[in-house]
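Contents: one structure, followed by commentary.
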2 protein chains.
Amino acid sequence: MTKPMDKKSPIEITLTERNEGVTITQWVYSMLRNAVMNGEILPGRALTIRELAALLDVSPMPIREALRQLAAEGALEIQGNRRVLVPHMTAMKFDELCEARIAIESHAAARALPYIDNVKLDELRQLDCLIDDAQEQGNLNKISILNQNFHRSLYTANPHQVTLPLIESIWLQLGPFMRLATNHLKDHYLVDRHNDAMQAIERKDAFALQIAISADIREGFAFASTPELLQRFIEESES
Amino acid sequence: MTKPMDKKSPIEITLTERNEGVTITQWVYSMLRNAVMNGEILPGRALTIRELAALLDVSPMPIREALRQLAAEGALEIQGNRRVLVPHMTAMKFDELCEARIAIESHAAARALPYIDNVKLDELRQLDCLIDDAQEQGNLNKISILNQNFHRSLYTANPHQVTLPLIESIWLQLGPFMRLATNHLKDHYLVDRHNDAMQAIERKDAFALQIAISADIREGFAFASTPELLQRFIEESES
DNA sequence: CTAATTGAATTGTGATCACAAATACACAAC
DNA sequence: GTTGTGTATTTGTGATCACAATTCAATTAG
């Protein structure tokens, strides 16, 4: 009965240094954002303002602002009771997010294509090389970040682009599953879709570029090709 | 000594009543959101927390939260100086937003199709009738809202849908141009794209539905078919 | 033992204050 | 008139406090 019941599962997020010129709110925001992306916070676990304030040793104010922003971006969910938590993943939602990624990102890629010059192309090539290096090292975290940089760099070639915030919102909602995607990439990197994309860019072939990006995303999420496999990863992320 | 004289153009937003159970932050948020959608705030005009707090007769706190949320949704822009303002529209950005709408909304429609049953179909038919009525009345505001309801109702037929927040973010960035779109619809409502969409839904024809939604959006924005025309509307919205 | 209840602790919301940075402005120098 | 410069004001940020609503725990009734 009076079992020494611990406090609810403790929240542990990787702390980073606060750079100069960065407001406390921005600092808190980036740490919480990374925590969500890395699956450091259990889905369904309530995030209270005061608890996080004590954890990060700041006043409740910056926490409030960061939580609200992350909720607006879909990284967190605000319940009717005004409780804030990391939303649970479901197989159907995962499928929707995956297909939304494909639809939006292939569109963003095609829209960026006309703006890609040789300088940008070199930048993309370098990023792709870095990814290959990281894959040989097997540095999962690095691969994931570099892979996102590759996509981001491609889409932002379009100076009038408006979709990157939407894309990043989906990435946030995918959270730790984004890392699993890049993990699986390693096994199948025989077919380098980034290379396909680069060749399509060189040929200024928008359709081929869309195919390559779509395939890159879809094959990355092949680890969830069956409902059973996906369910395993979901359960894994909830513990 | 110096009197509080407003040198800047005064901010005037339509005030609404605060419903019960709605927090002040939510109330402020919805008013500011409507103000942006209706073009009541001049692009480039700085929105200061204290000024809005005085205007709405609340403390600065709810204003801060509402502004941050709207900025996260793309309705407002936070400059490096941390000034908050309604972003300026450009011809290129308008084009990007329009094409993004087409890509995402046609995707959302196709994804919703399998979930549309007869009940939902009736709901859509009723909404379409209401739109026709409003068009005969020439009630621009009503048309605009009903038209958004039609699209929203269609996309939310999918219970696992994840794209509506992204779509609404684009609507917000389009702001007053969304109304112009529905305005122009009136002139060309000979070809009722909503009817096309409905027929595609009845036939469970995803591709035809995408075509209909794309055409509905594109024809709505036909008022900006030439750079000169668009420029006129942009200048109109900035004064 | 289960379920309901009640009181204590915790929570989000919103107001107020302090402060450093950014801005506006009057005035001097050219 | 134009440009620089100092001060005065306004601004966003962040801390602290008050309060109503919610949550949690122990206790009680069945």
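Every value quoted in this text rests on a predicted model; they were computed, and no experiment measured them. Because only heavy atoms are used, hydrogens play no part in the values below, and waters and symmetry mates are left out as well, while side chains stay in. Chain identifiers are assigned alphabetically (A, B, ...) following the order of the sequence lines, protein sequences preceding nucleic acid strands; residue numbering begins at 1 within each chain.
Rounding to whole angstrom units, CD1 of residue A/I78 and C1' of C/dG12 are separated by 11 Å. Atoms CG (B/L85) and P (D/dG12) sit 11 Å apart, rounded to a whole Å. Between the CD1 atom of B/I49 and the P atom of D/dT13 there is a distance of 6 Å, given to the nearest Å. Note: CD (B/Q79) to P (C/dA22) measures 14 Å, nearest angstrom.
With the nearest nucleotide of DNA chain D identified for both A/N81 and B/R82, B/R82 has the one nearer the 5' end.
Base contact: A/R50 has a heavy atom under 4.0 Å from a base atom.
In the set D/dA15, C/dT11, C/dA15, D/dA15 carries the atom at the smallest distance from any side-chain atom of A/V58.
Of the residues in residues 13-33 of chain A, those lying under 4.0 Å from DNA chain D by heavy-atom distance are A/T23, A/I24, A/T25. If you check residues 61-70 of chain A against DNA chain D, the residues with a heavy atom closer than 4.0 Å are A/M61, A/P62, listed by number.
A search for side-chain hydrogen bond (donor to acceptor under 3.5 Å, both in side chains) contacts involving A/W171 returns A/E105, not counting sequence neighbours. B/N81 is linked by a side chain to side chain contact (heavy atoms under 4.5 Å, CB included) to B/Q79, B/R83, counting only residues two or more places apart in sequence or in another chain. Legend: residues meeting side chain to side chain contact (heavy atoms under 4.5 Å, CB included) with A/R68, ordered by chain and number and at least two apart, are B/T25, B/E65, B/Q69. With sequence neighbours excluded, no residue forms a side-chain hydrogen bond (donor to acceptor under 3.5 Å, both in side chains) with A/T163.
For the pair B/L124/B/D122, no side-chain contact is recorded, criterion being any heavy-atom separation below 4.5 Å from C-beta on.
No more than 12 heavy atoms of other residues, nucleotides or ligands sit less than 6.0 Å from atom CG of A/N118. Around CG of B/D57, the count of heavy atoms belonging to other residues, nucleotides or ligands within 6.0 Å does not exceed 12.
Relative orientation of the A/F223 and A/F94 rings is perpendicular, given thresholds of 30° and 60° on the angle between their planes.
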